[in-house]
Structures are given as C-alpha cells and as structure tokens.
Amino acid sequence: QVQLVESGGGLVQAGGSLRLSCAASGRTFSGFAMGWFRLAPGKEREFVARISWSTGSTNYADSVKGRFTISRDNAKNTVYLQINSLKPEDTAVYYCAAGLYIAAFTRTRDYDYWGQGTQVTVSS
C-alpha cells in the first residue's frame, strides 16, 4: 500500500521559511516524479514543483521559482520542499503526489498517489 505522508507545515510570518517533508512508502518510486501541489481557499489545486525520483531533475511553477526548492533523499525515501521568503499568498494546504515521470507534470490527474496534505499559513 503506497503512502505519502506530509509534514512540516505551520503558521509563519511573511518573509519566513519552512521545509515540508513527504515520506513515501509502499513501492519503489524509480521512474516516478514526486510533485508538490497546493490548494488555497477558493482556488483550484495548483502545481508547485516536481522532481524525478531517479535523476533529481526538477521543474517549478513560474510563481515559485527562486523561492521554492524541491529535493529528495533516496535513502530516506523522502521528498522535501524548502520554501523561503514566504508570502501571505502562499497560504494553502500543500500536497505531495507521485506519478510516472513521463506522464506526471503539472496536471493533478496524471499523479496516481497523494498524501493527506499539510497546512501552511503565512501571516502578514
């Protein structure tokens, strides 16, 4: 049974930083992309970043380039999202997802597995 468990969210002031973690288990993720998405109130779930589990190649949404960094630790089966210079508009539930790398980019429907999400709230 595949499980993705996010952690690391919280309440921070604007300008602060957080590191989100996604612990993955239940299968080998070689050939998969691990993605981060976020869901803000009143908005649709949006792509934030993804990383190739095998190669470490990364992609980012334009809105987060330069502030967000996705990384992975294969030995710990964990993916991270480092968020710097937080803004109130970054407030959202952040989800980790996994899908085949050749298919899974920015569309939620291309990801097969999802975590339960972790709340990030940024105060101004």
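We number each residue from 1, following the sequence as shown.
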Side chain to side chain contact (heavy atoms under 4.5 Å, CB included), paired with Val120, selected from Val93, Leu11, Thr91, Leu18: Leu18
Cation over ring face, Arg38 and Tyr94, 6.0 Å, 45°: no
Distance, nearest 0.5 Å, that separates OG1 of Thr78 from CG of Leu20: 12.5 Å
For the student: nearest non-hydrogen atoms of Gly99 and Tyr111, plus distance: N-CD2, 3.7 Å
side-chain contact (heavy atoms from CB on, under 4.5 Å) assessment of Thr69 paired with Tyr60: CA-CA 8 Å; Thr69 303; Tyr60 295 91; 3.8 Å; yes
Contact summary for Trp53 and Asn74, nearest pair of heavy atoms: O-ND2, 3.5 Å
Lys/Arg cation over aromatic Phe105: Arg50, 6.0 Å, 45° cone: yes
Euclidean distance, Ser30 OG relative to Tyr101 OH, rounded to 0.5 Å: 12.5 Å
Reported OG-to-CD1 distance for the pair Ser52 and Ile102, which is rounded to 0.5 angstrom: 12.0 Å
Least distance between heavy atoms, Cys96 atom then Met34 atom: SG-CE, 4.3 Å
Ser17 and Asn84: CA distance, side-chain angles, deciding distance, side chain to side chain donor-acceptor pair (under 3.5 Å) verdict: CA-CA 4 Å; Ser17 298; Asn84 297 326; 3.0 Å; yes
Heavy-atom closest contact (Ala24 atom, Phe29 atom, distance): CB-CE1, 3.5 Å
Arg27 side-chain N/O to Val2 backbone N/O, donor-acceptor pair under 3.5 Å: no
Test item: Gln3 side-chain N/O and Ser25 main-chain N/O as donor-acceptor pair under 3.5 Å: no
Aromatic ring pairing Phe47/Phe37, orientation class (parallel under 30°, perpendicular over 60°, tilted between): perpendicular
Salt-bridge present (Lys87, Asp90; N to O < 4.0 Å): no
Gap separating the CG atom of Leu4 from the OG atom of Ser21, nearest 0.5 angstrom: 13.0 Å
